[in-house]
Trainee: 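Before I ask anything, here is the structure I am working with.
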Amino acid sequence: MPNLVIVGLQWGDEGKGKVVHHLSEKADYIIRYQGGNNAGHTVVFDNKTFVLHLIPSGILQKNKKCIIGNGVVVDPEALIEEIDFLQKKGITVKNRLFISSTCHVILPYHRLLDGIREKVQNIGTTKKGIGPAYADKYERSGMRMCDYIDEETFNEVLDKNLKEKKAVLESVCDISKLKSEIQGKRAILVDNIKEYVADTSLMINILIEKDKHIIFESAQGTLLDVDFGTYPYVTSSNPISGGVCAGCGVGPTKIDKVLGIVKAYTTRVGEGPFPTELKDSTGEYMRSKGKEFGATTGRPRRCGWLDLVALKYAIRLNGCNYMVLTKLDVLDDFEKIKICTGYKYNNEIFKDFPLSRKIIQNCSPIYIELPGWNQSIKGITEFKKLPENAKKYIKKIEQLTDVKIAVISNGRDKKETIVVDKNILK
Ligand code: IMP
């Protein structure tokens, strides 16, 4: 198996959890390179549903090892909670999870700051402290995992940070109380965390030298990328495939293939532009049939037709070799299905994704319409057995994007998968 990056090609929630879980059967290591516990990866197997936020979903596969790379921000409380949850379900984490010593740590004041900033910014963040933790990293005031573990460094960094943030935090809490709470929690958590901490960049490069098979998984989708997404309505890291290098400490020459995950329609949770959003009964139908509620916050996801302007942009940014099309079954009952192929703004037509926030916020979608298949595709495991109109929908996406759809997902369970091209792992 090649070293594979698995990225979401929309605004997240494309179904990466299921794909990573499936493909990780063939991998040795599954690695997260950005984001934090803002993500929510849902995996269903053996009639059990697992929602993971921080630990790669590969942990659910026996004998596979997982790494949290330096590009991830880690909330120690959330980490221990997730480890405990897995262990209670009978999944061993010890000796199977490694956390970068240089990943940045999310502390309670990051969560407080997230809430304070949201009141003004209204990005619709998960309020998990992700943005403020990344902001500290780039301000050079962040707390890295190796600093958190060492009590002296921890106290030094904590002191400086609380001094620096005093004016803002004072309005919402008692700072000395907050400080002792943070110190107290650390004292409880640190021994449980220490054993997982490693020089993961060194580890990953040795693994690659030994020809181990690696999956790098993104936490969010491409359109939430801080550089290329719908700024400022984005997350604070780089989910695009290029994020792997900085987020794991590996060179671009070590990555073999990029697999993009795209949902058969589009969803978005949180605020921000969404040209194909349907605020009508069709959108509501997609939400209820697709169970489109945020895995982390429970918020209803906004739904709309597939947007090829955005998809082609995401394919280009990631250098996708193949795609996986997920949740095709959600479109089973439609008479007609629309695909957006361009945007219109002030009588100008856009075929390439516009970068100006004014244009993306105010453009209207231009659609082509395809006949629906109007029947259930549940239980189908071969491409040739799909209804003709479903095949036409898939072919149209391939034709317009020039990228092959190698796998189709038609249900939450692992068995509900159609592998079109087995070469995907070669
Ligand atoms: P943050 O990452 O919590 O700062 O939130 C920034 C934006 O990214 C918000 O619109 C969130 O709803 C969105 N977001 C963050 N993580 C995910 C995810 O895993 N799926 C979908 N949206 C997400």
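First listed ligand is number 1; within each ligand, the first listed atom is number 1.
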Trainee: Between D307 and Q10, does a side chain to side chain donor-acceptor pair (under 3.5 Å) hold up when you go through it step by step?
Mentor: CA-CA 9 Å; D307 180 344; Q10 293 153 312; over 6 Å; no
Trainee: Could you tell me whether T297 approaches ligand 1 through its side chain, its backbone, both or neither, with non-hydrogen atoms closer than 4.0 Å?
Mentor: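 Neither part.
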Trainee: Would you say L207 and I67 make side-chain contact, with heavy atoms under 4.5 Å?
Mentor: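 Yes, at least one pair of side-chain atoms sits under 4.5 Å.
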Trainee: Which atom pairs, donor and acceptor, lie under 3.5 Å between side-chain atoms of residues 119-132 and protein residues at least two apart or in another chain?
Mentor:
{"unit_1": "T125", "atom_1": "OG1", "unit_2": "D114", "atom_2": "OD1", "d": "3.0"}
{"unit_1": "T125", "atom_1": "OG1", "unit_2": "K127", "atom_2": "N", "d": "3.1"}

Trainee: Do the numbers put R186 on top of the ring of F154, so that NZ or CZ is under 6.0 Å from the six-membered ring centre and no more than 45° off the axis?
Mentor: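 Cation-pi check for R186 and F154: passes.
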Trainee: Distance to 0.1 Å, residue and atom name: give those for the protein heavy atom nearest to atom 10 (O) of ligand 1.
Mentor: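 Looking only at protein heavy atoms, the one closest to atom 10 (O) of ligand 1 is V269 O, 3.3 Å.
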Trainee: Could you identify the single nearest non-hydrogen protein atom to atom 20 (N) of ligand 1 and state the distance to 0.1 Å?
Mentor: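 The closest one turns out to be D13 OD1, 3.1 Å.
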Trainee: Considering only heavy atoms, does L224 approach ligand 1 within less than 4.0 Å through its side chain, its backbone, both, or neither?
Mentor: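 Answer for L224: side chain.
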Trainee: Looking at atom 11 (C) of ligand 1, what's its closest protein heavy atom, distance included?
Mentor: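 Protein heavy atom at minimum distance: G124 O, 3.5 Å.
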Trainee: If you measure every N/O of R299 against every N/O of ligand 1, is any gap under 3.5 Å?
Mentor: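 Min N/O separation from ligand 1 is below 3.5 Å for R299.
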Trainee: Run the salt-bridge test on K194 and D150 with the 4.0 Å N-O cut-off and return the result as yes or no.
Mentor: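 Here K194 does not pair with D150 in a salt bridge, since their nearest N and O are not under 4.0 Å apart.
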Trainee: Report the nearest protein non-hydrogen atom to atom 3 (O) of ligand 1: residue, atom name, distance rounded to 0.1 Å.
Mentor: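 Atom 3 (O) of ligand 1 sits closest to the protein heavy atom T126 OG1, 2.5 Å.
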Trainee: I need the single residue from Y265, F334, F274 that forms a ring-ring contact (aromatic ring centres under 6.0 Å, His included) with W305. Which is it?
Mentor: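 Going through the options one by one, the only one that passes is F334.
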Trainee: Starting from atom 6 (C) of ligand 1, locate the nearest protein heavy atom and write down its residue, its atom name and how far away it is, to 0.1 Å.
Mentor: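 Looking at atom 6 (C) of ligand 1, the protein heavy atom closest to it is V234 O, 3.3 Å.
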Trainee: Tell me which protein heavy atom sits closest to atom 2 (O) of ligand 1, plus the residue, atom name and distance to 0.1 Å.
Mentor: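 It is T235 OG1, 2.6 Å.
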Trainee: Quick one: closest heavy-atom pair of L306 and T276, and the distance?
Mentor: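 Scanning both residues completely, I find the closest heavy atoms to be O-CG2, 4.5 Å.
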Trainee: In terms of the angle between their ring planes, are F353 and Y313 parallel, tilted or perpendicular, with boundaries placed at 30° and 60°?
Mentor: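 If you compare the ring of F353 with that of Y313, the planes turn out parallel.
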Trainee: Where does Y233 meet ligand 1, judged by heavy-atom distances below 4.0 Å: at the side chain, the backbone, both, or neither?
Mentor: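 For Y233, there is no contact with ligand 1 at all, from either part.
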Trainee: Which residue supplies the protein heavy atom nearest to atom 16 (N) of ligand 1, what is that atom called, and how far is it?
Mentor: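 Answer, as residue, atom name and distance: Q220 NE2, 3.1 Å.
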Trainee: Regarding ligand 1, does E271 bring an N or O atom to under 3.5 Å of one of the ligand's N or O atoms?
Mentor: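 No, no N or O pair falls under 3.5 Å.
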Trainee: Going by heavy atoms, is S236 under 4.0 Å from ligand 1?
Mentor: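 So S236 does not count as touching ligand 1.
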Trainee: For atom 5 (O) of ligand 1, which protein heavy atom lies nearest, and how many Å away is it?
Mentor: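 Answer, as residue, atom name and distance: T125 CA, 3.3 Å.
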Trainee: Short list, please: which atoms of ligand 1 are under 4.0 Å from a heavy atom of G40?
Mentor: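 Those atoms are 19 (O).
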Trainee: When you compare ligand 1 with K128, is there at least one nitrogen or oxygen pair between them that comes in under 3.5 angstrom?
Mentor: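 No; the residue has no nitrogen or oxygen that sits under 3.5 Å from a nitrogen or oxygen of the ligand.
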Trainee: If the threshold is 4.0 Å, N to carboxylate O, is there a salt bridge linking E195 and K94?
Mentor: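 Salt bridge flag = yes for K94 with E195.
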Trainee: Considering the heavy atoms of I123, write down every atom of ligand 1 situated less than 4.0 Å from one of them.
Mentor: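 Contacts of ligand 1 toward I123, numbered from 1: 10 (O).
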Trainee: Need the ligand 1 atom indices (1-based, order shown) with element for anything under 4.0 Å from a heavy-atom of W11.
Mentor: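 Per the distance check, 21 (C), 22 (N).
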Trainee: Salt bridge between K414 and E25, side-chain N to carboxylate O under 4.0 Å?
Mentor: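 E25 and K414: salt-bridged.
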Trainee: Does a side-chain N-to-carboxylate-O contact under 4.0 Å join K263 and E292?
Mentor: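 Looking at E292 together with K263, the answer is yes, because their closest N to O distance falls below 4.0 Å.
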